[in-house]
Amino acid sequence: MPDKNDKPRVRFAPSPTGFLHVGSARTALFNWLYACHTGGTYLLRIEDTDLERSTEDATRQIIESLEWLGLMSDEPIEYQTRRAGIHREYLHRLLDMGRAYRCYCPKDKLDAMREDARRKGAIFAYRRGMFSGEESSRMEAAGAPCVIRFCAPEEGAVAFDDLVYGRIEVRLDTIGDFVIARGDGSPLYNFTNVIDDIDMGITHICRGEDHISNTSKQILIYEALGAARPRFAHLPMILGADKQKLSKRHGATGVMRFREMGILPGALVNFLALLGWAPSEAEFNEVMSMDEIIARFSLDRINKSPAVFDHEKLMWMNGMHIRRTPKERLHALVEPLLREQFGGGPEGFDPHTVVRNPALSDGEWLDGVIGLATERTRTLNDFGGILDFFFRAPARYDEKAVKKLLGAPEKVEFLRATAKHIDDSWDRALSSAHDPKLESSAAADQWCAAMEESLRSWSEAGGHKLGAAAQPMRLALTGRTASPPLFHCMWYLGRTETVRRIEACARSVSGD
RNA sequence: GUCCCUAUCGUCUAGCGGUCCAGGACACCGCCCUUUCACGGCGGCGACACGGGUUCGAGUCCCGUUAGGGACGCCA
């Protein structure tokens, strides 16, 4: 029996200063995938030590986003502000060991030194002793506020083997005595992050590439404390179309925005997983479920180069996921959207505004209609636009199409004759779909096939191709030249409404 | 400016010294299926940033150049 103790423990540690960004979501995802693949544990830690910028609202939104993506913590969520005792304890330990010290150097002096160094093209690394004269002692005696700095070694180098980037080495003379606690005593990121990772037993740290330069500082703290350092895996950045780091400027970047756009969480996860990572198969189906991704995932196949977020590909992938979603699930997702757009109470759509085939139950009808749109969508929000004519008769007809398809009186006459034929043969087509054992959608298919055959032979007998009859009818029924399959539209609209719409269109076009 | 990192089709990527006149996916363009749109199928367009090495042989290793990104906080 494998021991949970030798399994990886990973965490996602967002700071609640705004909504969950897709870049952060991708970091959370990779941690989660690694934990799932290895049978390890995935934790969530809210890094809210920056009281100025952290908000409860952001915390709530981040958790909501993670829940939606299915990336929730295996253990209760940790909040850094509730761990202050631990931070204090370690801070004193470093102070007692002489690996940290109080620094009274005023901010303006610091700024001047930084500016000076930059002008000379040098690295600014603050060192203990740079401000320790009389003034410093006086301030200390007066109990002035001071920051606490980590006492960093000055010679040699820190190195670590990044699981993605390989060996990274940084000279120690580029790292100064960095601040680990503010003037008010509250601890800072580079410190709390390390302490919490030690305390929570984190074995692998997977985070954005922008943290590479923090890593060497953090390793120094691990070493000062004699703690085992975790393995690091840095993820390449996600870029916008302009190749700049993805930000609000690039439009939708918040995870919840994608939900509003009608993106499926599984599609976003799938898309994000493939940004900077690819399975080992040379050729593979890019459309994958979470389980398929987990099974293939490994850190050593993560790319080093940054990736541009391709919105078009996300849309394509979302369409693929919509088509893979089981009927019932899709119905549950789409029905509220249709209801919102076309009205109707909790009991169903208002029968006075939605005229439909009375032979079908509410459920059969909605399932059927949603099924007609499914392969035509890229987002959940597309359903309404494709199916609108089922919920209300066309208010006007595509002008160019009217001119082309119904521009002559004889064409309008032919449309009227077509309506009559549909009306006359409706029930005959129905008899072929009579088998009560047939599922509703199969019955619909049979009726459609029968009706198509009927209309085909009728129009061919009159010297017309099927399309000559079908296209004007599509226009009459939907107001457009593009729609789901015509006979299915007729079937779900029902006999009365189909005939009514065709006549209404003929009247409207001929101006009487 | 300094430090770190990166560099294959427009985009996401496969490639871990010969099997690559570079493979797949999105997008785009044709054709097929077809009553329209879509789905699906088939085909096309399209890349190893540049220059030096190393090697019998380099997209693959090394060094430069160039370009891009990140970090240089009492933010995380």
Side-chain angles (χ1 to χ4, degrees), chain A residues 13-17 47-50 52-54 80 103 107 110-111 114 117-125 145-149 162 165-166 168-171 173-176 178-186 188-190 192-193 207-216 234 236-237 239 241 243-245 271 274-287 303-317 319-320 323 372-378 386 401 452 455-456 459 465-471 473-475 478 480-487:
Chain A
S15 61
T17 55
E47 306 221 326
D48 51 358
T49 50
D50 186 349
E52 297 281 310
R53 298 195 306 146
S54 299
Q80 223 162 29
C103 175
K107 207 169 176 353
L110 227 34
D111 288 342
R114 244 193 291 272
R118 180 165 292 217
R119 250 201 325 272
K120 287 183 193 148
I123 317 149
F124 175 63
C146 62
V147 299
I148 295 176
R149 286 182 183 274
D162 192 275
Y165 286 91
I168 293 176
E169 212 173 307
V170 180
R171 286 200 325 273
D173 59 22
T174 65
I175 302 173
F178 54 94
V179 179
I180 55 178
R182 296 183 177 87
D184 65 4
S186 62
L188 255 17
Y189 167 76
N190 271 324
T192 52
N193 193 262
R207 74 229 301 195
E209 184 232 48
D210 48 343
H211 285 289
I212 285 185
S213 59
N214 286 323
T215 307
S216 41
H234 287 93
M237 296 281 93
L239 274 27
K243 307 245 182 176
Q244 301 282 305
K245 184 178 177 180
F271 175 75
L274 259 11
L275 229 44
W277 173 82
S280 57
E281 299 99 296
E283 279 176 39
F284 62 99
N285 190 168
E286 294 192 7
V287 183
N303 278 308
K304 291 197 259 279
S305 48
V308 172
F309 190 98
D310 184 355
H311 196 261
E312 273 301 313
K313 189 156 181 175
L314 203 215
M315 297 307 260
W316 165 78
M317 187 159 273
M320 299 303 285
R323 264 149 246 142
L372 292 184
T374 303
E375 70 186 15
R376 274 160 259 266
T377 59
R378 276 147 57 103
I386 294 168
E452 181 179 338
L455 189 68
R456 188 189 301 276
S459 40
K465 282 187 158 180
L466 179 59
Q471 280 307 84
M473 256 204 296
R474 188 189 311 282
L475 184 64
T478 70
R480 295 187 288 256
T481 53
S483 80
L486 181 63
F487 295 97

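Naming convention: chains lettered A, B, ... in sequence-line order (proteins, then strands); numbering from 1 in each chain. Nothing here was measured: the structure is a model prediction, and the numbers come from that model.
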Original post:
OP1 or OP2 of U2(B) sitting under 4.0 Å from any side-chain N/O of Arg119(A)?
Top reply: no

**OP:** Return the value, rounded to whole Å, for the distance between atom CZ of Arg376(A) and atom P of A38(B).
**Re:** 9 Å

Subject >> Distance, rounded to the nearest Å, where Met237(A) contributes CE and A7(B) contributes C1' >> reply: 17 Å

Subject >> Interatomic distance, Glu452(A) CD vs U36(B) C1' [rounded to whole Å] >> reply: 12 Å

**OP:** Ignoring hydrogens and angles, answer whether the base of G24(B) and the side-chain atoms of Glu286(A) contain a donor-acceptor pair closer than 3.5 Å.
**Re:** yes

Subject >> C33(B) to C48(B) separation - P atoms, rounded to the nearest Å >> reply: 37 Å

**OP:** Mind calculating the distance between CD (Glu283(A)) and P (G15(B)) to the nearest angstrom?
**Re:** 12 Å

**OP:** Select base, sugar-phosphate, or nothing to describe what Thr49(A) touches, counting heavy atoms under 4.0 Å on all strands.
**Re:** sugar-phosphate

Original post:
Does the side chain of Lys465(A) get closer than 4.0 angstrom to OP1 or OP2 of U34(B) through an N or O atom?
Top reply: no

Subject >> Watson-Crick/G-U partner (both atom distances under 3.5 Å) of A49(B) >> reply: U65(B)

Original post:
Is there a side-chain polar atom (N or O) of Arg207(A) under 4.0 Å from OP1 or OP2 of G70(B)?
Top reply: no

**OP:** Using a heavy-atom cut-off of under 4.0 Å over every strand shown, decide if Arg456(A) touches base, sugar-phosphate, or nothing.
**Re:** sugar-phosphate

Original post:
Taking atom C1' in both C9(B) and A49(B), what distance in whole Å separates the two?
Top reply: 14 Å

Subject >> Any donor-acceptor N/O pair under 3.5 Å between A25(B) base and Lys313(A) side chain >> reply: yes

Original post:
Using purine N1 to pyrimidine N3 plus N6-O4 or O6-N4 for Watson-Crick, or N1-O2 and O6-N3 for G-U wobble, both under 3.5 Å, which nucleotide pairs with U55(B)?
Top reply: none

**OP:** Determine the contact category for Ala122(A): base if any of its heavy atoms lies under 4.0 Å from a base atom, sugar-phosphate if only primed atoms, P, OP1 or OP2 are that close, otherwise nothing.
**Re:** nothing

Original post:
If we take the P atom in both C39(B) and G30(B), what is their distance in whole Å?
Top reply: 15 Å

Subject >> Sugar-phosphate only, base, or nothing, as touched by Pro485(A) at under 4.0 Å among non-hydrogen atoms >> reply: base

**OP:** Write down the distance between NE2 (His311(A)) and P (A25(B)), rounded to a whole number of angstrom.
**Re:** 22 Å

**OP:** Just call it for Phe487(A): base, sugar-phosphate, or nothing, with non-hydrogen atoms closer than 4.0 Å on any strand.
**Re:** base

Original post:
Do Asn303(A) and Ser305(A) have a side chain donor and acceptor closer than 3.5 Å?
Top reply: no

Original post:
Looking just at side-chain N and O atoms, do Thr49(A) and Arg182(A) make a donor-acceptor pair shorter than 3.5 Å?
Top reply: no

Original post:
Between Asn303(A) and A14(B), is there a side-chain N or O to OP1/OP2 distance below 4.0 Å?
Top reply: yes

**OP:** Could you tell me whether Thr481(A) contacts a base, only the sugar-phosphate backbone, or nothing, with contacts defined as non-hydrogen atoms closer than 4.0 Å?
**Re:** base

Original post:
Whole-Å distance between C28(B) C1' and Glu312(A) CD?
Top reply: 11 Å

Original post:
Touch check for Gly183(A), heavy atoms < 4.0 angstrom, all strands: base, sugar-phosphate only, or nothing?
Top reply: base

Original post:
Rounded to the Å, how far apart are Leu239(A) CG and A7(B) P?
Top reply: 13 Å

Original post:
What does Leu486(A) touch in the nucleic acid at a heavy-atom separation under 4.0 angstrom: a base, only the sugar-phosphate, or nothing?
Top reply: base

Original post:
Between Phe284(A) (CZ) and G24(B) (P), how many Å, whole number?
Top reply: 13 Å

Original post:
Considering only heavy atoms and no angle criterion, is a donor-acceptor pair shorter than 3.5 Å present between the side chain of Asn190(A) and the base of A76(B)?
Top reply: no

Original post:
Looking for any heavy atom pair under 4.0 Å, which part of the strands does His234(A) touch: base, sugar-phosphate only, or nothing?
Top reply: nothing

**OP:** Quick one: label Gly276(A) by what it contacts on the DNA or RNA (base, sugar-phosphate, nothing), any heavy atom closer than 4.0 Å.
**Re:** sugar-phosphate

**OP:** Pick the P atom in U60(B) and in U19(B), then give their distance to the nearest Å.
**Re:** 13 Å

Original post:
Would one find a side-chain N or O of Arg114(A) under 4.0 angstrom from OP1 or OP2 of C72(B)?
Top reply: no

Original post:
With a non-hydrogen cut-off below 4.0 angstrom, is Val308(A) in contact with a base, only sugar-phosphate, or nothing?
Top reply: sugar-phosphate

Original post:
Under 4.0 Å: is that the gap between some side-chain N or O of Lys243(A) and OP1 or OP2 of A67(B)?
Top reply: no

**OP:** Among U35(B), C26(B), U13(B), find the nucleotide with the atom closest to the side chain of Ala307(A).
**Re:** U13(B)

**OP:** Among U36(B), G70(B), C74(B), find the nucleotide with the atom closest to the side chain of Val147(A).
**Re:** C74(B)

